[in-house]
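In listed order, ligands and their atoms are each counted from 1.
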Amino acid sequence: MVGLATVFGAGGGTSSYQEVETTDLIVMWGSNARNAHPIYFQHVLKGIHNGAKMYSVDPRRSETAQWADLWLGLNVGSDVALSNTLAREIIHAGLTNKSFIENSTSGFAEYAASVEEWTLEQGSKVTGVPAEAIRELAHALGNAKTAQICWTLGITEHHNGVDNVLSLINLALLCGHVGRPGAGLSPLRGQNNVQGGGDMGALPNKLPGFQDVEDDVARTKFEKMWNVTIPPKNGWNLTQMFEAMEHGKMKSAFVIGENPAQSEADGAHATALLKDLEHLVVQDIFLTKTAELADVVLPGSASWCEADGTVTNSERRVQRVRKAITPPGNAHDDIQILLDLAALMGHTWKYDSSEAVWNELRSLSPMHFGMTYSRLADLGGIQWPCFSEDALEPSYLHGRLWAEKLEDRGRLAPFSVVIDSPPVEETTPEFPLRLTTGRRLDSYNTGVQSGGFLSPLRMAETVDLSPEDAISMGIVDGEIVRITSPRGTVTAPARVDDGLRPGLVFMTPHFPNDVNTNLLTIEAIDPKSGTAEFKAAAVRIDKISVNDKRVPVAGE
Ligand SMILES: Nc1nc2c(c(=O)[nH]1)N[C@H]1C(S)=C(S)[C@@H](COP(=O)(O)OP(=O)(O)OC[C@H]3O[C@@H](n4cnc5c(=O)[nH]c(N)nc54)[C@H](O)[C@@H]3O)O[C@H]1N2
Ligand SMILES: Nc1nc2c(c(=O)[nH]1)N[C@H]1C(S)=C(S)[C@@H](COP(=O)(O)OP(=O)(O)OC[C@H]3O[C@@H](n4cnc5c(=O)[nH]c(N)nc54)[C@H](O)[C@@H]3O)O[C@H]1N2
Ligand SMILES: [Mo]
C-alpha cells in the first residue's frame, strides 16, 4: 500500500473483481490466490474461461501456477531484476504506451536509462528464468489491450517489498495498464477486513479515511469530534514496536486480534520481548500463545458473525455484516470492550448502534460520506471513494489519477528507479537452502482459528523440498528431518514436491504448536513499510540419525 500511495496518492488496489473476468491478461505475481484468495480466484477462472491469458511469477509451481499459460519460476527475491528486464524488453520492442506515458506519467527517461543494463541475458542469469519466458511475458504485457497485475506476499514480504511493488507499478505505467476498465493493479489483501482496518485509521500515520495524523487541519477535526488531544506525530508500526521493546522504549502493549508470539519473524526473540514487557493486555476470542504471556486477558470478544458492522475487501468494497447469532456467555463486541475501557479512563463515548459509529465516520471521512447503511444494504456494498449520497464513482481508480489529497489529484504518476537487492540472508555452505514460507488452502495463519477442530481437509506441517534435493540428501517422503537456520531448529516430516526447484524449501506458519516455522525466519524488515522478510531465510536440512529417533527409556 505504501508503493501505491507513493505513486498514485491512494493506498488501495485500483481495480474491481469483475474486471479480471473481462481482461486480456492476468499476471499473478507472488500470489497463490488459488489457495489464499479462493473467491477472487473464481473471478480469475472466469477470466481464463473468457479467453484471458494467465502468467504466474512464483519461485514455486504453486496451485495457482498450475492454472497459468506460463509459469516463470524465479529465484526468491529476484523480482526487481525480473521486472526491470521485462521493462527493457518492452521498451526495446517498441511496445510502450507512448500517449499514456506522455500524458499521465513523469520520470520516464530516467527510468528507461536505469533498466538499460537489464538485457534478457542479464535478467535470466539473476532470476533463473529462461530468457525466452521473460521475452514472452514482456510481449504479452506490451501487446495486451488490458491487463490485471495482481500481487501479494511474494512481493511484499521482503526487505525491499515497497521497491518490489514500485517495480510492478512501473510495468503498468509503461504499458498504460491502469485507469481503464479491465486494466489495473490488484494487491489482494490478507484478511476479510484488512483493507477496512487501514481505511479506519488502524495505521500509525493515518486517521480514518487515510487522513494524515501529522496534518494539523485533519487532526483538529478529529480532536473536536472526539474531545481529545491526538499526539501530533506518527506512531510506530509493528516492527518499530518490537524495536522499541528491544530498546526499552516501549513498556506495555494492548494486542487485539493478533497472535504475534507465533506470527512474528524470529519467534524466539519476539516472544522474549513480549514476555519482558511490564504490562501486556490481549483481547482475543481464543486463549492464544500471546494471551498466555499477558498480564490481562480480555476474553470473549464477539466474533464477526456475532457482531454488526462493515468489512472492506481488496477491491475497496464496503459491505455490511450482520449479527447472525448471539455471542455466548459474557462475550462482548470488541467495540463494547473499548467503550468500557474509555469510560474507565473518564470518557463517555455513547454509540447506541454500529450505524451510529459508521455515521460518525462518514461525517469525518469524505471518501466514505456517500455510504449510508441503507445504501450499503440496497446496493449490496459500495466501493470507495464515494463522496455523495446520490452518485457512485467508477469501479476502477485513477482514470483521472484520483488521490485522497486534493493537491495530488490530476498530478502525473511518477516512474520509480528501482535497484535490484537480493535477500538479506545469503545461502552459505552451512545453510545452503533457500526457505520461503506461505499458505495452504486448509489452514489459516497461526492456526488459532483453523487448528482446534478436526477437518478432513486439514494437513499437518511438512517441509517441502524438490525431488532433486531429496535424492541428493537421501531423504524419502514423510521422513522426519531437522531444519536449521541461523536462529533456530525445528523438526518436521519432509514432503517431496515437484513444484519446487532445487535449492528451494517451503514451509507454512500454520502449525506453530507442533512446528514453529517462525523460529527459523529472519527479522530483516523493509524500513519503508515495516514488513518482515518472511519469504527468504537460509536453512540447512539434516537427516535425523537413528540414535536421535530412539524413544527415551523411562528414567533416562
Ligand atoms: N487458506 C488460507 N488463505 C489465506 C490465509 C491463510 O492463512 N490460509 N491468509 C490470508 C493472509 S493474512 C494473507 S496476507 C494472504 C496471503 O496470500 P498469498 O500472498 O498469496 O500467500 P503466500 O502463500 O504467503 O505467498 C504467495 C506466494 O509467494 C511466493 N513467493 C515466495 N517468495 C517469492 C519471491 O521472492 N517472489 C515471488 N514472486 N513470489 C514469491 C510463494 O511461493 C507463494 O506461492 O492470504 C490470505 N488467505
Ligand atoms: N513465516 C511466516 N510468518 C508469517 C507470514 C508468512 O507468510 N510466513 N505471514 C504474516 C502475515 S501476512 C500475517 S497477516 C500474520 C498473521 O498473524 P496474526 O494476525 O498474528 O495471526 P492469526 O492467526 O490470524 O491471529 C488472529 C487472531 O485474531 C483473533 N480474532 C479473530 N476474530 C476476532 C475478533 O472478532 N475479535 C478479536 N478480539 N480477536 C479476533 C484470532 O482468535 C487470532 O488469535 O502472520 C505473519 N507471519
Ligand atoms: Mo496477512
K.L.:
Looking at L153, which atoms of ligand 2 are within less than 4.0 Å of one of its heavy atoms?
P.N.:
12 (S)

K.L.:
Any N or O on R189 sitting closer than 3.5 Å to an N or O of ligand 1?
P.N.:
no

K.L.:
Looking only at distances, can you tell me whether any N or O atom of T436, backbone or side chain, sits closer than 3.5 Å to an N or O atom of ligand 1?
P.N.:
yes

K.L.:
Do any N/O atoms on Y444 end up under 3.5 angstrom from N/O atoms on ligand 2?
P.N.:
no

K.L.:
Does the N or O separation between Q191 and ligand 1 drop below 3.5 Å for any pair?
P.N.:
no

K.L.:
Taking distance alone, with no angle check, do Q283 and ligand 2 share an N/O pair under 3.5 Å?
P.N.:
yes

K.L.:
With a cut-off of 4.0 Å, which atoms of ligand 1 are near a heavy atom of G77?
P.N.:
34 (C), 35 (O)

K.L.:
Just distances here: any N/O of G154 and N/O of ligand 1 closer than 3.5 Å?
P.N.:
yes

K.L.:
With respect to E264, determine whether any N or O atom, backbone or side chain, lies less than 3.5 Å from an N or O atom of ligand 2.
P.N.:
no

K.L.:
Would you check the N or O atoms of F534, main chain and side chain alike, for any that come under 3.5 Å of an N or O of ligand 2?
P.N.:
no

K.L.:
Would you mind checking if K323 and D308 are paired as a salt bridge, meaning a charged N to carboxylate O distance below 4.0 Å?
P.N.:
no

K.L.:
Could you tell me whether K206 and D199 make a salt bridge, using a distance below 4.0 angstrom between a side-chain N and a carboxylate O?
P.N.:
no

K.L.:
Start with the C-alpha gap between D79 and K535, add the side-chain angles, then the distance that decides, and say whether salt bridge (charged side-chain N to carboxylate O under 4.0 Å, His left out) holds.
P.N.:
CA-CA 12 Å; D79 299 272; K535 296 298 187 245; over 6 Å; no

K.L.:
With respect to S443, determine whether any N or O atom, backbone or side chain, lies less than 3.5 Å from an N or O atom of ligand 1.
P.N.:
yes

K.L.:
Before signing off on this row, confirm whether N75 and ligand 1 have an N or O atom pair separated by under 3.5 Å.
P.N.:
no

K.L.:
Tell me whether H510 reaches ligand 1 (any heavy atom closer than 4.0 angstrom to a ligand atom).
P.N.:
yes

K.L.:
Would you say F506 and ligand 1 have an N/O pair spaced under 3.5 Å apart?
P.N.:
no

K.L.:
Please check whether R440 reaches ligand 1 - meaning an N/O of the residue sits under 3.5 Å from an N/O of the ligand, judged on distance alone.
P.N.:
yes

K.L.:
Tell me whether L74 has any N or O atom under 3.5 angstrom from an N or O of ligand 1.
P.N.:
no

K.L.:
Going by the atom numbers of ligand 2, which of them fall below 4.0 Å from some non-hydrogen atom of T288?
P.N.:
44 (O)

K.L.:
Does P59 reach ligand 1 with a nitrogen or oxygen that is under 3.5 Å from one of the ligand's nitrogen or oxygen atoms?
P.N.:
no

K.L.:
Out of T437, D58, T127, I155, indicate the one that has the non-hydrogen atom closest to atom 44 (O) of ligand 1.
P.N.:
D58

K.L.:
Of the choices K535, H37, R34, which has the non-hydrogen atom that lies closest to atom 15 (C) of ligand 1?
P.N.:
H37

K.L.:
Look at atom 26 (C) of ligand 2 and find which of A261, G257, A36 reaches it with the closest heavy atom.
P.N.:
G257

K.L.:
Counting N and O atoms only, with roles assigned by atom type, does the side chain of H510 sit under 3.5 Å from a partner on the main chain of N445, one being a donor and the other an acceptor?
P.N.:
yes

K.L.:
Please confirm whether E157 comes under 4.0 Å of ligand 1, counting heavy atoms of the residue only.
P.N.:
no

